[in-house]
Structure formats: structure tokens, C-alpha cells
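Below, all heavy atoms of this structure are taken into account, side chains as well, without hydrogens, waters or symmetry copies. The shown structure was predicted, so the numbers you read here are calculated from the model rather than taken from an experiment.
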Amino acid sequence: MKLSLWFMLLVLMLLTGLAITVRAQDKPALALIETRVEARPDGFGGEMSLVTGQVFNHGADAYRQINILVEAYDADDALIGEGFGFLVDACGTALLDYALLPGEVQAFSAPFELFADGARARMRVNVEAEAIAPEWPPLMESPAVRLIARDEVVMLEWLNEETLIYGVGCEGEVFTELDWWRYDIGSHALSAIEHPAAAEVTAEMIERSDAALITQSGEQKPELFYGSRMTFPPDARRIVYQNDLHTVFSAEADGSFKRLIHDKLHQHSLRGFLWAREPGVFLAYYFGSHNEPVHYFTADVDGKMRMGRLEELAPSLTAPGPSEDGLAAVVGWRRGGVSGYYLQYAFGGSELLFEAELPGNNYPAPIVAGDLIYVIRPLAGVPTLQCFNRRTGDLRTVTALPLQLTRAARAWAWLSPGGARLALAMNGTEGGVWWLDLAGSCS
């Protein structure tokens, strides 16, 4: 463990008055780092205690069946509690079949309970695992695609053609809960930052917006904010979010002057907002699990619906992408034996763009930029970027992409403001963020 990490642990022990002993039992190649004791809501109105941290594999073997063993001792060194845990992803989901390769670091979580009276004075955390020969995943990097970082990236915003920011964490978390980074393409400089709009999110703003309001009782429940999907658009003044009944609102940045956009959505699971090229126009999309149809609607931050209500629009088999003005959306359908991408218009009209093998709903949504439509779909099983020109009817393959998509991983794509570059992100254990230059790819 590096000196800085030992220093962090020492500070934690001094602050909590609790000594933590960490070791890799019979596996010196596995190091436990950034280990801490936390208390979190248990879902039943109480709290659960757990040890969290990371496992670093600095050996030559890979390790699977990694188990974290926790023991709690009192001041007399008597055992008063035990726990058990696993490696987890950014959402806290256990990675039961995951093999930790040499050089990799992965988070862990280990709940524990006290079975005897007494105050915790010392914690011991061990890791047990089975060593195996490492099997490296196939390298999918393309010369045209530049890697920025290997993290579970779930949000991204272009500030201009040369600069982007991205958020690392669990899909579905509100943006203030993510770890944000700024990347400059010219200098390749990468720095940790606070999201530019984070300071706008105050207790007063949340209360004013009703993002944490229990609709039936009228009481405020602060935890509801974390499921609001509150979003500050990149080029508009008003914010967009959902309440406890999944009703979508917009409001001023301080939470005032709320406007109802769409209600009666309580049976649908909001997965995010996609911003169109026209300022303030967005597409909200909904699905429950992998390969379920995707429901959606388009609107603007002023509260105007663009294509009609969600229940009036035929769902897509893929994540839908809004047209520049939100009056249409590129969707994936199978109709009359034809599988492909269609342009669905308001009030029910549609147009077949081109026939295609469709990806699942975990692939990025198509991006519409004038006559050009960028789609990412599997070709011979490899995620590939293609560009379709509506004016000429030409479909071009741009490049293979380094996305290793599974049922447990999702990917997203964002076009830069000027349309010259595309950014990609993916969550999961093979997650990351990349960018590529689109110059000449569709001309």
C-alpha cells in the first residue's frame, strides 16, 4: 500500500477512534486499500454497517471468487461482530463471476453485524481468493478512437470542441453524486473537478422545485432528490427532473416557476434525458431491463411537448435519438419482416431510413445532425459506428469501437457542439470514456 494510502487510513482511524487492520490472507498479491467503515440506510428505515474499500491486484495471477471477511473486536480484543462481502461495481452490485486481472483495482463492500454487546475498538478485514491464470479480454482499441480513462462513466458534457467533462459512478445517480473530471483534447490534461452546476443544488433549491416532495402527504423527504434525475441542460436556462410519481417537470435553475411537462408515468422507469441539437429540446426515455422496448417522449424546457405523449408513440427496440428539433426521433423497429432504423414523426407518421441488425437498448442512441445520422450497432458482433446520409441515402461504416457491451453494461454517445467529434462512454467493469474525430467520416 502506498504511503499516501496509509496516511489516509491513519487520519480515518484518528477521526473515528477505530483501528482497522487490513491484510490479504495467504494472498500477498491482493492489497486492500482505502478501507473504511460506513453506515448506510438499509431500506427498512434503519442503518446497516459495512466496510468498503478497494482490492488491488499487484501480482502476476488473476483472482476469482474473491471474498472479503470482516471481524469486529471490542477493547478487550473479544470478537463481537462478523461480516462477509464481495467485489462490487459502481452501483454496489456484487461481481460474483468477476476475475481481477493483474494491475486492476476494484471496489468491495462487506456488511457486518454485531452479535455481542460492546463498542467496536478494532476491525480486521481479510481477503480470500482463488488464483487462476489471467485471461486478457480481446483488445478492441482502434487507431481512430482515443482512450481518455478507464472508469464507469455514465454522464458526459461537451463544453466546447476541445473540452469535455464526464461523471464517474452508478447509472441513475443524480449528477451531484458522481465524480467529475475535465479533459482537454489538445493538451490531454485530465483534472478532477466539481460539476459547474453543483453549486446551484442547495436544500432551498430542492425544496422549491418539489424534487424531494412526497406528493400524497406534502412532506419533504430529502432522499427523493437522488432519484429525480435532475439535469441542467448544456445550452438552456431551465432544469428538468422527475418527482416521486415520475411526473416530469422543468423549473428555473433555482427551482422556481415549475412547469408540468408529462404526468401519469409512474409505471415507467426513467433511464435518462437526451438533449437534441436545438437548445432546450430533450428526449426522455424509459425501460425496465435489458432488451425491453423503450418508451419515450420529446419536449422542451419551456414545457411544450414536441411529438405527443409517451403512450401515443410506438416504443422502440433501441434507445431512440431525437431529431434536432425534437419533432421526430430515430427508432429501431421490426415491421413487416423488415428490421431497421425508422424516423418516427409526431402524430404517427414514419419513414424507413435503412434496414439493419438492431442493437439492444444498452447501445447508444442514434444522433441526428442535419442530414447525417450516426448509429452504433453490432457488425459481425463488433460494436461499430456508422453514418447515414438522409440526403443521398448513403450508409458508411466509420470505425469499430472498443465497447465490450454485455447485458450488465450500457454505453452512451455525445456529439460535440460543432459536430466535429464524438465522445463515447460505458459503465461496468470494462467501462471507460473515449473520443474520435469525425472529419470526413460522412462526406
Any Lys/Arg nitrogen of R237 or E252 sitting under 4.0 Å from an Asp/Glu carboxylate oxygen of the other?
yes

Just by distance, with hydrogens left out, do T215 and D244 show a side-chain donor and acceptor under 3.5 Å apart?
yes

Any side-chain heavy-atom pair from T163 and Y183 closer than 4.5 angstrom?
no

Please tell me if the side chains of Y241 and I261 come closer than 4.5 Å, counting only heavy atoms from C-beta onward.
no

Residue pairs fulfilling salt bridge (charged side-chain N to carboxylate O under 4.0 Å, His left out) with at least one residue in residues 413-434, sequence neighbours excluded
E162-R421

Could you check whether any side-chain N or O of E207 sits under 3.5 Å from a backbone N or O of E204, counting only pairs where one atom can act as donor and the other as acceptor?
no

Would you check if L401 and T384 make a side-chain contact, meaning some heavy-atom pair closer than 4.5 Å?
no

Matching residue for E351 among Y345, Y342, Y341 - test: side-chain hydrogen bond (donor to acceptor under 3.5 Å, both in side chains)
Y345

For F282, is there any backbone N or O sitting under 3.5 Å from a side-chain donor or acceptor partner on T298?
no

Within the structure provided, determine whether N57 and Y63 are in side-chain contact (heavy-atom separation under 4.5 Å).
yes

Just wondering, more than 12 heavy atoms not from Q216 lying within 6.0 Å of its CD?
no

Can you confirm whether the side chains of T397 and Q386 place a donor and an acceptor under 3.5 Å from each other?
yes

Atom pair CG/CG of L436 and L385 - distance to nearest 0.5 Å
6.0 Å

Just how far is it from atom CZ of R64 to atom CD1 of I66, taken to the nearest 0.5 Å?
11.0 Å

Looking just at side-chain N and O atoms, do R182 and S191 make a donor-acceptor pair shorter than 3.5 Å?
no

Identify the two heavy atoms, one from D437 and one from R146, that lie closest to each other, and give their separation to 0.1 Å.
N-NH1, 3.8 Å

Counting only N and O atoms by type, is there a donor-acceptor contact under 3.5 Å from the side chain of H262 to the main-chain atoms of L310?
yes

Using the side chain to side chain contact (heavy atoms under 4.5 Å, CB included) rule, take V168 and L178 through it: C-alpha gap first, then chi angles, then the decisive distance, then the call.
CA-CA 5 Å; V168 178; L178 303 177; 6.0 Å; no

Shortest non-hydrogen contact from W414 to L424?
CZ3-C, 4.4 Å

Near D97 CG, under 6.0 Å, is it more than 12 heavy atoms from other residues, nucleotides or ligands?
no

Before you tell me yes or no, could you show the steps for L87 and V55 under side chain to side chain contact (heavy atoms under 4.5 Å, CB included), namely the whole-Å CA-CA distance, both residues' side-chain angles and the distance that decides it to 0.1 Å?
CA-CA 8 Å; L87 297 184; V55 178; 3.7 Å; yes

Within the 4.5 Å heavy-atom criterion, are R271 and R229 side-chain neighbours or not?
yes

Lys/Arg N to Asp/Glu carboxylate O, R377 vs E357, below 4.0 Å
no

What's the shortest heavy-atom distance between P383 and Y363, and which atoms?
CG-OH, 3.5 Å

Does any N or O in the side chain of R259 come within less than 3.5 Å of the main-chain N or O of S250, such that one atom is a donor and the other an acceptor?
no

Let's go through V240 and W275 carefully: what are the C-alpha distance in whole Å and the side-chain angles of both, what is the deciding distance for side chain to side chain contact (heavy atoms under 4.5 Å, CB included) to 0.1 Å, and is it a yes or a no?
CA-CA 11 Å; V240 179; W275 294 97; 3.8 Å; yes

Quick one, L213 and L224 - any side-chain contact, counting heavy atoms below 4.5 Å?
no

Decide if the gap between the ring center of F232 and the ring center of F175 is smaller than 6.0 angstrom.
yes

Quick test of your reading: applying salt bridge (charged side-chain N to carboxylate O under 4.0 Å, His left out), list the pairs with at least one residue in residues 273-286, sequence neighbours left out, ordered by first then second residue.
E278-R306

For L353 and R390 the tightest heavy-atom approach is CD2-NE, 4.0 Å

Please check: side-chain N/O of E292 versus main-chain N/O of F287, any donor-acceptor pairing under 3.5 Å?
no

Value rounded to 0.5 Å, distance of CG in L100 from CG in L30:
6.5 Å

Atom of V174, atom of S228 and distance for their closest heavy-atom approach
CG2-OG, 4.2 Å

Here the gap from K258 atom NZ to S209 atom OG, rounded to the nearest 0.5 Å, amounts to 7.5 Å

Mind checking the CZ-NE2 spacing from R309 to H295? Nearest 0.5 Å is all I need.
14.0 Å

Could you tell me whether the side chain of D300 and the main chain of D302 form a donor-acceptor pair under 3.5 Å?
yes

Between I373 and P366, is there a side-chain heavy-atom distance shorter than 4.5 Å?
yes

Donor-acceptor pair, side chain of S316 and main chain of P320, under 3.5 angstrom:
no

How far apart are the C-alpha atoms of E47 and R40, what are their side-chain angles, what is the distance that settles it, and do they pass the salt bridge (charged side-chain N to carboxylate O under 4.0 Å, His left out) test?
CA-CA 5 Å; E47 285 188 340; R40 295 180 185 173; over 6 Å; no

Evaluation steps, side chain to side chain contact (heavy atoms under 4.5 Å, CB included), between L274 and I367
CA-CA 10 Å; L274 299 175; I367 296 176; over 6 Å; no

Taking atom types as modelled, is there a side-chain donor on E157 or H195 under 3.5 Å from an acceptor on the other?
yes

Quick test of your reading: applying ring-ring contact (aromatic ring centres under 6.0 Å, His included), list the pairs with at least one residue in residues 380-404, sequence neighbours left out, ordered by first then second residue.
F354-F388

For A62 and L101, work out which heavy atoms get closest and say how close.
CB-CD2, 4.0 Å

Using a 3.5 Å distance criterion without hydrogens, assess whether the side chain of T247 forms a donor-acceptor pair with backbone atoms of D263.
no

Hey, what's the ring geometry for F86 with F84, parallel, tilted or perpendicular (30° and 60° as the breaks)?
perpendicular

Hey, does the side chain of D89 reach the backbone of T93 with a donor-acceptor pair shorter than 3.5 angstrom?
yes

Working to the nearest 0.5 Å, report the span between OH of Y286 and NE2 of H268.
8.5 Å

Looking just at side-chain N and O atoms, do Q344 and S350 make a donor-acceptor pair shorter than 3.5 Å?
no

Backbone N or O of E171 within a donor-acceptor pair of the N427 side chain at under 3.5 Å?
no

Kindly indicate whether the side chain of L190, heavy atoms from C-beta on, has any atom under 4.5 Å from the side chain of I148.
yes

